[in-house]
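Every chain is numbered from 1 and lettered A, B, ... according to where its sequence line falls, protein lines coming before strand lines.
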There are 2 protein chains.
Amino acid sequence: MARVTAQDVAEAAGVSLATVDRVLNNRKGVRESTVERVIEAMDRLNFVRDQAAANLARGRSYRFTFIVSAGETAFFSDIRSEIEAARKNVANDRIEIGMVAVPPLDPQAIVDAIVGLGEKVGDGVALVAVESQVVRDAIARLRGRGVHVVTFISDIPNSARERFVGIDNVAAGRVAASLLKRFIHAPSGDVAVVAGSGILRDHVERRLGFEQVMRAECPHLTVLPWIEGEELAGVVEEKLSRLLAGNREIVGLYSLGGGTRGVIDAIRAAKQDLRVVTTELSEHTRAALISGAIDAVLVQDPSHEVRSAVRVLKAFVDGAPINEKQERIRIEIFMRDNLP
Amino acid sequence: MARVTAQDVAEAAGVSLATVDRVLNNRKGVRESTVERVIEAMDRLNFVRDQAAANLARGRSYRFTFIVSAGETAFFSDIRSEIEAARKNVANDRIEIGMVAVPPLDPQAIVDAIVGLGEKVGDGVALVAVESQVVRDAIARLRGRGVHVVTFISDIPNSARERFVGIDNVAAGRVAASLLKRFIHAPSGDVAVVAGSGILRDHVERRLGFEQVMRAECPHLTVLPWIEGEELAGVVEEKLSRLLAGNREIVGLYSLGGGTRGVIDAIRAAKQDLRVVTTELSEHTRAALISGAIDAVLVQDPSHEVRSAVRVLKAFVDGAPINEKQERIRIEIFMRDNLP
DNA sequence: TATGTTCTGATGTACGTCAATCAAAACACG
DNA sequence: CGTGTTTTGATTGACGTACATCAGAACATA
């Protein structure tokens, strides 16, 4: 079971090590028939090139850039510190990580950040997308320069991005509805929804999934028009408080974006009996889960997402396959009893 | 930002490369004061040794052995195929993985497997523990030989194992109770519990967590004595069917072990209105979730667990730190709406 | 001071691949 | 058949670390 090296392949194919190397790095100067013979020998011997030795010899290093929201939500604050943490962890794998935090909800800011970086973006970019044509165009330009691009947290389909690293947001919305449906014992009532912004695709998709299930399975519940909280706790609290004060029929609440602290403050003040599902795992939501103010929190693991984005970008650069099971970002459901 | 090499450290410390090397691999023959000077230089320059180059030079290869249950449950069948998959994925990292499947619920079989392997266990073992002194002793003997040991899926505390790779089973039980508590709308009733075996610590712990929450928060619900299904669908179905037939007060069910197919068959036949939480994600539980026969499934990701065990064992061998966030095995909650 | 012991430097080989060179062989074409 | 071009072989020096060897320096002890 000894490792099979390029030298072994060379002998098996009846060529020299140099030729194997040329094939391996698809360099020109090898006859087509010889290429085939070498490839045949490679998978007959089950050869896998030693990426570590290759990188060592090449002196190769990867450089990736994260473009994320500078928003004040607990979630993005976590994301940013996870990126910092990852920077250190992968440094000995010859991976450099850069980060640019841009004002939230501003498509042009993303584009400006990309342009501003120029060549410094490196080999790949992970960006929190915002629904906008200028962003789509910027992604296309990056790809045109050979830079690999993945969207991160919030996707922008129909763009040139090679992959989306994040959760299935429609499913997250559906689960939230499925939970609330089972949590709410009242025979009828209204359900409130608090989101961040309509240009964040992840929010829109969660809302969509939530409505799908509510419409189909909960004829006894009415979903109210959503509140746009702009990811700001203050705004969320003010708007939600007003809504709760004016409607005593509300029996459930789904908060699908940032500013969850505002949600907690509002429902605590309202003293209504509500079943509540939110996002974001912060000290505030933990306390609210424990006190029973909220019932469940649906989150995505920032640490996993950052690691995944880096691994995926590296795989694209190496032309290596992606381990789908490892890169599946989970919708995690926390209740009081399984807080980490 | 160029990489700092051992050569740089040598120059900075005013010693030769050979001495740095001796310090790095704590080989003898270096004066204490010199060791300190080298170490000081290492973290002044922020030196991290290139593990890839080190392994390359060493020609080091790791060999780990998984000792798992040969049980027929969907979960263990997944575990075994994930181990096979991992074997291929890590082969180019110079990691060899062996696997021995032993008859379930049999402590002596585990010990025999370990003894039978002799030196072939390699550098580390991941084993699905069973509560038993002979297993504890076997682990201690392995550790005595310098073999690293982690328990896997089911733990055996107070043993010499260096770590447990798996979920927090008490928390899993608590979450199951927390969900059922919210799912059950009936004002009162009985709750049935189906487990595998009393010598599987993971089952015992889940049961414990479940009872904790039920006792504390659900005075209106009575938890019935558990059914031992021996991880066999047939046994589970037979015992559960009998229970359901004899008790029309049952409003909820928690199945915390294997043989979930038996649970599904039994409740389907009984035609009672039950809220059900189970484990194991298989075609049967998927179908039951979709049809609404069961409400939620609590699972652990076999693929993640296998990767984690390998990474953790490798970290022990290398004396490297463990990335706790990456190794946190999640309790995943699947409902109809977030099936992967 | 002589002797033995402990430390340190200098050097070389190895690991598996990359990248470049130069020379030799095979081929194509008129 | 000669010429030019393409393909191949052989060789070499990196990359960063491990490990072994040998000689010399520093130190301790008598």
Rounded to the nearest Å, what distance is computed from the [atom1] atom of residue [X] to the [atom2] atom of nucleotide [N]?
X: A/Asp50; N: C/dC18; atom1: CG; atom2: P; value: 9 Å
X: B/Lys28; N: D/dA20; atom1: NZ; atom2: P; value: 12 Å
X: A/Gln7; N: D/dA10; atom1: CD; atom2: C1'; value: 11 Å
X: B/Gln51; N: D/dC15; atom1: CD; atom2: C1'; value: 16 Å
X: A/Arg58; N: D/dG16; atom1: CZ; atom2: P; value: 15 Å
X: A/Leu17; N: D/dT12; atom1: CG; atom2: P; value: 14 Å
X: A/Glu11; N: D/dA10; atom1: CD; atom2: C1'; value: 14 Å
X: B/Leu56; N: C/dA14; atom1: CG; atom2: P; value: 14 Å

Using a 4.0 Å heavy-atom cut-off, does [X] contact any base of the nucleic acid, only the sugar-phosphate backbone, or nothing at all?
X: A/Gly59; result: nothing
X: A/Asp21; result: base
X: A/Leu24; result: sugar-phosphate
X: A/Arg22; result: base

Exercise for the section: Give the intermediate values and the outcome of side chain to side chain contact (heavy atoms under 4.5 Å, CB included) for residues A/Val115 and A/Leu117. Expected result: CA-CA 5 Å; A/Val115 172; A/Leu117 281 166; over 6 Å; no

Counting only side-chain heavy atoms from C-beta out, which of [options] sits nearest to [X]?
X: B/Ala57; options: C/dC15, D/dT8, C/dC18; value: C/dC15
X: B/Arg94; options: C/dA19, C/dG16, D/dT17; value: C/dG16
X: A/Ala18; options: D/dG16, C/dC18, D/dG9; value: D/dG9
X: A/Ala54; options: C/dT17, C/dG9, C/dC15; value: C/dT17

Handout entry: Carboxylate-amine/guanidinium contact B/Glu40 B/Arg44, below 4.0 Å
Key = yes

Handout entry: Euclidean distance, A/Gln300 CD relative to A/Ile153 CD1, rounded to 0.5 Å
Key =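 Between atom CD1 of A/Ile153 and atom CD of A/Gln300 there are 5.0 Å.
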
Practice task
Indicate whether OP1 or OP2 belonging to D/dG16 is found under 4.0 Å from a side-chain N or O atom of B/Arg49.
Solution key: no

Exercise for the section: Kindly say if B/Thr19 contacts the phosphate of C/dG9, meaning a side-chain N or O under 4.0 Å from OP1 or OP2. Expected result: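 So the side-chain polar atoms of B/Thr19 do come within 4.0 Å of the phosphate oxygens OP1 or OP2 of C/dG9, strictly under.
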
Handout entry: 5'-most by nearest nucleotide on DNA chain D - B/Arg31 or B/Asn55
Key =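 Its nearest nucleotide being more 5', the pick is B/Asn55.
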
Handout entry: Evaluation steps, side chain to side chain contact (heavy atoms under 4.5 Å, CB included), between B/Phe316 and B/Asp123
Key = CA-CA 9 Å; B/Phe316 281 134; B/Asp123 312 290; over 6 Å; no

Problem - Test: B/Arg161 cationic atom under 6.0 Å from B/Phe164 six-membered ring centre, within 45° of axis - result: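 So B/Arg161 doesn't make the cation-pi contact.
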
